[in-house]
Amino acid sequence: MAQKVADKPVGDLTEAEARDELARLAESLSQANVAYHTEDAPEISDAEYDALKQRNIAIEDRFPALKREDSPTEQVGAPLAEGFSKVRHAVRMMSLGNAFEAEEVKDFDGRIRRYLGMSQFAELTYTAEPKIDGLSLSLRYENGTLVQAATRGDGTEGENVTANARTIDDIPQQLDGAAGGLPEVLEVRGEVYMSHADFAALNERQAARGGKSFANPRNAAAGSLRQLDAEITRARPLKFFAYAWGELSAPLAETQMGAIERLQALGFQTNPLTQLCDGPDEMIAHYRQIEEQRATLGYDIDGVVYKVNDLALQGRLGFRSTTPRWAIAHKFPAELAWTRLEGIDIQVGRTGALSPVARLTPVTVGGVVVSNATLHNEDYIAGRDAKGEVIRPDAEGNAKDIRTGDWVQVYRAGDVIPKVADVDLSKRPEEAQPYAFPHVCPECGSEAIREEGDAVRRCTGGLICPAQAVEKLKHFVSRAAFDIDGLGAKQVEQFYRDGWVKEPADIFELKARYGAGMQQLKNREGWGDKSASNLFDAIDERRKIELKRVLFALGMRHVGEVVAGDLAKHYLSWSAMIEAVDAALPAAERYRKAEAAVEDERKAAAAEGRRARIKETQDAVWAEEPTVPAEAKSAWNDLVGIDGIGATVAVSLVTSMNQEAERASIDRLVAHLDIQDAERPATEGSPVAGKTVVFTGTLEKMTRAEAKARAEALGAKVSGSVSKKTDILVAGPGAGSKETKARELGIEIMDEDAWLALIGG
DNA sequence: CGCCCTCGAGTTCC
DNA sequence: CTCGAGGGCG
């Protein structure tokens, strides 16, 4: 009874038609549900089921009055169109750094020893386990009972898939407390995957009833877990290996291996190939062994994960921005494929960057059909890197360029992003010409220039360029920026094409200007009364917004998510920041002028064969009349004094905010907003919050990097040199001029032990 | 001044 | 996910 989704647009339905269709849909969906509950061979495919459900929701959205008592969207276990609810991870789900070569594994070990201040010969044990190719899942247990399951998402926020996780046999609903009691809170993390055998059987079933088959076990696992209807997930043979944890009310063990054993005792499957290794040589040997067994394991793996075994050391090593320092994934070599390059297209990004994209004859690489691949930039096509070195040598060591018509080798970097790696010159068509990278923007015709030392060529059209304007708008509504529900990349693009939204401020004027017309106009494009009013509500909700989001959303060059956050944390309010940025303008312009003069001096000196007088050149420019006002200098110094912000970022920020057109657009936007002040770092109770600390001499209990990371976590600012702003100098043995200077300035000086006592370490 | 780490920006497929 | 570039440290 495979019912096709009716194809009449929802917007064109009459009320009578809608009522009939809702009745038919309720019938079909309920039959399909019964089929899933009672047998393993449903009558309609998941895709069809989903399509019917979506159709049902769309109609109900358009005709809310016609919603049936037995509406399929109200059924238990059937979340609504928005999909899964969002879940914030109590402890961030990190990703792992990668290594491809044995050498990089040794570097990893070396880095850890250096960070911990351990000698090359001190004993350091790691665990090594296969890296399962599935999707990670975080399971929250409270007093031993499963209360929530969440996907990784962006690491901070995932999707709530609790109902689906409950259908997986390997995931206990209730933990086994026999061995050592149950923790109050335990978040277990691991990988959901599908075995080769189950994958093949599933695809056979799908094919038998005309459903779409999955490209690989990972996609099958992901597709199965993320079913809106948990009963579909139940019918899918998913498995789970536990290998990590998030929030914990009590430690699981003292070592990684101990924790894995504890997870096993609690009732989880853990990977049998997990093993302890003493140092990189044993790790690499275990990697080779696992690689040999790869084909016979019965499930996909894409490498081996190494972790420092001692959990206390893991704690000391801590995290970089997205990855732990104490773990790394040693990946298997990527799968390669050859195909023909049909053409090269140029895309224009939000900063005007011209990016070449390869259009390929579709080819399967690692279980996925690839038809586009990145070519990076002008030099990459020519076969060179940014420094001009040959990256793709032919037999004589000359660079092999890439031409339309060539046979090219493609792989998926990190098993994700398709890249063109190599060219087969023996198969090059005779008529193939070297690729001429455009010097004119293909979107707006403006000149595209490449700044010295820059790898990318950029369109100079600014907001005149439709591609840049649209990309900027997409950035504005992106997740870390305004993140407006119902206003994604597609919608923004459409509004731009309609001429309704040309710059961010227009979004907040949509309702006033087009609200009335929109409901009718947009019906044909899938906008109903409901979705339009939902959108206006979502936009209104976002008028109140955090400072860092606004800064990031503006899309200024060099100001990404992190820098925007740093700026917000420093200035705390929009008005304070604007004031500072305006004040710093003369200094920023002078800095730029000085740098240009230095560049000229360098060239002149090189030509004349003498040493460049850099300091003198800089000083001369700064001394030029009119001199830069003291308040401009201090605003500038304050700005570049922020950790992570240097002159390049500062110049970009100050000048772009003071560009006339840009500023007008920003002012228009801000008038619509209620920008929330940033909170001072939440370090209440920390004795060093807001203090500036300098470390000098030899630290004996920890390394400098560690000391810095810990101090910053407590809200302190760590600086490299002593000034009158310094509050505390931590001096180890061998401290020299810094200690003298601190003494002169009357700054508090303490040794490492006193510091540790102060911060409660 | 050079090295290492982090951040920004651009990318593909589902 | 990767590359290039910016920033900080030795």
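In the text below, chain A, chain B and the rest are named by the order of the sequence lines, each starting its count at 1. Keep in mind it's a predicted model, so treat the numbers as computed, not measured.
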- Task: With salt bridge (Lys or Arg N to Asp or Glu O under 4.0 Å) as the test, would you mind laying out the steps for A/D133 and A/R218 before giving the verdict?
- Result: CA-CA 6 Å; A/D133 193 10; A/R218 193 219 330 224; 3.5 Å; yes
- Query: Hey, mind stepping through A/T361 and A/E342 against side-chain hydrogen bond (donor to acceptor under 3.5 Å, both in side chains) and telling me if it holds?
  - Reply: CA-CA 6 Å; A/T361 305; A/E342 294 177 349; 2.7 Å; yes
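Qualifying side-chain contact (heavy atoms from CB on, under 4.5 Å) partners for A/V423, counting only residues two or more places apart in sequence or in other chains: A/R392, A/I402, A/D406, A/V408, A/L425, A/R428. Contacts of A/H570 classified as side chain to side chain donor-acceptor pair (under 3.5 Å), with partners at least two apart in sequence or in another chain: A/D638. With sequence neighbours left out, the salt bridge (Lys or Arg N to Asp or Glu O under 4.0 Å) criterion links A/R350 to no other residue. Partners of A/H376 under the ring-ring contact (aromatic ring centres under 6.0 Å, His included) rule, at least two apart in sequence or in another chain, are A/Y380.
Using a 4.0 Å heavy-atom distance criterion, A/S371 is classed as a sugar-phosphate-only contact. Contact annotation for A/V456: no contact, since no heavy-atom pair falls under 4.0 Å across all strands. Counting any heavy atom pair closer than 4.0 Å across all strands shown, A/R557 reaches sugar-phosphate atoms only and no base atom. Here A/A222 lies out of heavy-atom contact (under 4.0 Å) with every strand.
Between the NE2 atom of A/H558 and the P atom of C/dG7 there is a distance of 7 Å, rounded to whole Å. Remark: P of C/dG4 and CZ of A/R384 are 14 Å apart, rounded to the nearest angstrom. Nucleotide B/dC14 holds its P atom 17 Å from the CD atom of A/Q227, rounded to whole Å. Atom CD1 of A/I645 and atom P of C/dG8 are 9 Å apart (whole Å). Rounded to whole angstrom, the span from the CG atom of A/D379 across to the P atom of C/dT2 amounts to 21 Å. In this structure, the CD1 atom of A/I346 is 14 Å from the P atom of B/dG10, given to the nearest Å. For A/E335 and B/dC13, the CD to C1' distance is 16 Å, given to the nearest whole Å. To the nearest angstrom, P of C/dG7 lies 12 Å from CG of A/L567.
The aromatic ring centres of A/F552 and A/H475 sit less than 6.0 Å apart.
Considering all non-hydrogen atoms of both residues, A/C459 and A/V348 come closest at CB-CG1, 4.5 Å. Taking both residues in full, the closest heavy atoms of A/F100 and A/K331 are given as CE2-CB, 3.5 Å, listed atom of the first, atom of the second, then distance.
Put simply, A/T648 has a side-chain N or O that comes within less than 4.0 Å of OP1 or OP2 on C/dG7. A sub-4.0 Å separation between OP1 or OP2 of B/dT11 and a side-chain N or O of A/N372 is absent. Applying the 4.0 Å criterion to OP1 and OP2 of B/dT6, one finds that A/R325 has a side-chain N or O inside that range. Not one side-chain nitrogen or oxygen of A/Q347 sits closer than 4.0 Å to the OP1 or OP2 atom of B/dG10. Under 4.0 angstrom from either OP1 or OP2 of C/dT2 there lies at least one side-chain N or O belonging to A/N98. The phosphate of C/dC3 (OP1 or OP2) has a side-chain N or O of A/K419 nearer than 4.0 angstrom.
The aromatic rings of A/W636 and A/Y591 sit tilted relative to each other, their planes meeting at an angle between 30° and 60°.
Here OH of A/Y571 is found 11.5 Å from CG of A/D566. Values are rounded to the nearest 0.5 Å.
Each of A/R111 and A/A564 was assigned the nucleotide of DNA chain B with the nearest heavy atom; the assignment lying further toward the 5' end belongs to A/R111.
If you check residues 348-358 of chain A against DNA chain B, the residues with a heavy atom closer than 4.0 Å are A/R350, A/T351, A/A353, A/S355, A/V357, listed by number. A heavy atom closer than 4.0 Å to some atom of DNA chain C occurs in no member of residues 468-479 of chain A.
With B/dC13, C/dC1, C/dT2 as the choices, the nucleotide that has an atom nearest any side-chain atom of A/P418 turns out to be B/dC13. You'll find that the side chain of A/V563 is closest to B/dC7, out of C/dG6, C/dT2, B/dC7. Closest to the side chain of A/V649, from the set C/dG6, C/dG4, B/dT12, is C/dG6. Closest to the side chain of A/F100, from the set B/dG8, C/dG7, C/dT2, is C/dT2.
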